[in-house]
Participant: 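Pasting in a structure now, in C-alpha cells, and then I'll have a few things to ask.
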Amino acid sequence: MPTTPLPRPADDEYNPFYAGYIAKVPEGEVLKFLETQLREVRSLLSTIPEGRGTHRYADGKWSIKEVIGHVCDAERIFAYRALRIARNDATPLASFDENLYVPAGKFDARTMASLVDEVVQVRDATLSLVRTLDTESGARRGTASGKSITARALVWIIAGHMAHHTAVLRERYGVGA
C-alpha cells in the first residue's frame with residue numbers, strides 16, 4: 001500500500017504541551033523518520049550493558065530501564081489514541097500518569113535485551129498503523145486528556161517523544177558516549 005505523507009501538524013492540532021516533541025522531528029515524511037529512528041534507537045540501546053540498566057543520573061530520577069519502559073508505554077498509548085481518532089471514534093480519551101505507570105511496570109526487574117525487544121515490537125506495531133493512515137484519517141480530530149488533537153499530530157508526537165528520551169539517555173545518562 002503506498003503511503004501518503006502525514007504533514008507536520010498545525011499548532012491548533014495538539015495541546016501546546018506537545019510542541020517541544022513535535023519540534024524535535026525534522027521536516028519530511030514522518031513515516032521514514034519513524035523507520036530510521038527505530039534502527040538508530042535499537043542500535044543505541046543495544047550498547048547498554050545489563051549492569052548499567054538500573055543507573056539513575058540523580059536521586060529520584062528514572063533508571064535507564066525505566067526510561068525505556070516509559071517510552072514503550074507512551075508510544076502504545078499515543079498509537080492507540082491515533083488509531084481511535086483515525087477510525088472516527090469520537091469518545092474522549094483519558095489522560096495517563098507516567099509517574100504511576102513506571103513503578104507499576106517494574107522495568108528494573110527486566111533484562112535490557114527484553115526491553116530492547118519491546119521497543120522494536122512496539123515501534124513495528126506503530127509503523128503498521130501509520131502505514132494505514134492517509135490524509136483524511138490523519139486529519140481527523142478527537143479528544144485526549146481533555147484537549148483536541150489529530151491522529152497525525154499523535155504520530156509526530158510519537159516520533160518526537162522518542163527523540164526527546166533518546167537525547168536524555170545520551171546527555172544525562174551517558175548512553176552511547
Side-chain angles (χ1 to χ4, degrees), residues 5-9 14-82 96-131 144-145 149 151-177:
L6 299 171
R8 181 177 296 277
Y14 55 88
N15 181 337
F17 172 82
Y18 295 114
Y21 293 148
I22 291 172
K24 291 186 179 299
V25 183
E27 291 299 331
E29 190 174 338
V30 71
L31 175 62
K32 297 294 181 206
F33 180 78
L34 289 164
E35 291 168 342
T36 301
Q37 187 180 50
L38 173 58
R39 288 189 297 275
E40 291 171 357
V41 168
R42 182 181 194 174
S43 177
L44 176 69
L45 297 181
S46 295
T47 68
I48 304 169
E50 185 62 42
R52 187 140 159 73
T54 56
H55 169 73
R56 298 166 194 276
Y57 73 86
D59 288 340
K61 297 298 181 181
W62 293 340
S63 70
I64 291 171
K65 288 180 177 182
E66 288 172 331
V67 170
I68 297 167
H70 161 70
V71 168
C72 290
D73 284 354
E75 184 156 332
R76 279 188 176 103
I77 291 165
F78 294 142
Y80 174 71
R81 290 174 175 179
F96 75 102
D97 184 343
E98 65 273 11
N99 292 310
L100 295 176
Y101 275 56
V102 168
K106 300 181 181 178
F107 302 113
D108 282 345
R110 295 187 42 199
T111 65
M112 283 299 303
S114 76
L115 288 164
V116 172
D117 286 346
E118 186 172 346
V119 167
V120 171
Q121 292 165 4
V122 169
R123 179 53 61 91
D124 282 344
T126 297
L127 290 169
S128 293
L129 170 64
V130 173
R131 288 181 187 114
S145 304
I149 195 162
R152 76 169 163 234
L154 285 155
V155 172
W156 284 74
I157 290 166
I158 288 167
H161 184 258
M162 176 78 81
H164 165 75
H165 284 291
T166 301
V168 168
L169 287 171
R170 289 181 190 279
E171 295 163 12
R172 297 189 185 154
Y173 292 83
V175 172

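Heavy atoms only: backbone and side chains are in, while hydrogens, waters and symmetry mates are out.
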Participant: Once you round to the nearest 0.5 Å, how far does CD1 of Ile64 lie from CG of Leu45?
Facilitator: 9.5 Å

Participant: So, using ring pair (Phe, Tyr, Trp, His ring centres under 6.0 Å) as the criterion, who are the partners of Phe33 when residues are at least two apart?
Facilitator: none

Participant: Report the distance from atom CG of Leu34 to atom CG of Asp124, rounding to the nearest 0.5 Å.
Facilitator: 11.5 Å

Participant: Heavy-atom distance under 4.5 Å between the side chains of Val168 and Trp62, does that happen here?
Facilitator: no

Participant: Taking the side chain from Glu50 and the backbone from Thr111, do they hold a donor-acceptor pair closer than 3.5 Å?
Facilitator: no

Participant: Please tell me if the side chains of Arg152 and Val30 come closer than 4.5 Å, counting only heavy atoms from C-beta onward.
Facilitator: no

Participant: Could you check whether any side-chain heavy atom of His70 comes within less than 4.5 Å of a side-chain heavy atom of Tyr101, counting everything from C-beta outward?
Facilitator: no

Participant: Using the side chain to side chain contact (heavy atoms under 4.5 Å, CB included) definition, which of the options Leu154, Val155, Ile158 pairs with Val130?
Facilitator: Val155

Participant: Would you find more than 12 non-hydrogen atoms of other residues, nucleotides or ligands less than 6.0 Å from Tyr80 atom OH?
Facilitator: no

Participant: Determine whether a donor-acceptor pair (N or O, by modelled atom type, separation under 3.5 Å) exists between the side chain of Ser43 and the backbone of Glu40.
Facilitator: no

Participant: Quick one: sort the Phe17 and Tyr21 rings into parallel, tilted or perpendicular, breaks at 30° and 60°.
Facilitator: perpendicular

Participant: Side chains of Thr36 and Arg39: is there a donor and an acceptor less than 3.5 Å apart?
Facilitator: yes

Participant: Describe, in one word, how the ring planes of His161 and His165 are oriented to each other, choosing from parallel (under 30°), tilted (30 to 60°) and perpendicular (over 60°).
Facilitator: perpendicular

Participant: Between Val119 and Met162, which heavy-atom pair has the shortest distance, and what is it?
Facilitator: CG1-CE, 4.1 Å

Participant: Determine, step by step, whether Glu98 and Asp73 satisfy the side-chain contact (heavy atoms from CB on, under 4.5 Å) criterion, reporting the C-alpha distance in whole Å, the side-chain angles of both residues, the deciding distance to 0.1 Å, and the verdict.
Facilitator: CA-CA 8 Å; Glu98 65 273 11; Asp73 284 354; over 6 Å; no

Participant: Spell out, as yes or no, whether a donor-acceptor pair under 3.5 Å connects the side chain of Arg8 to the backbone of Val25.
Facilitator: yes

Participant: Decide yes or no on salt bridge (charged side-chain N to carboxylate O under 4.0 Å, His left out) for Glu66 and Arg110, but give the supporting numbers first.
Facilitator: CA-CA 10 Å; Glu66 288 172 331; Arg110 295 187 42 199; over 6 Å; no

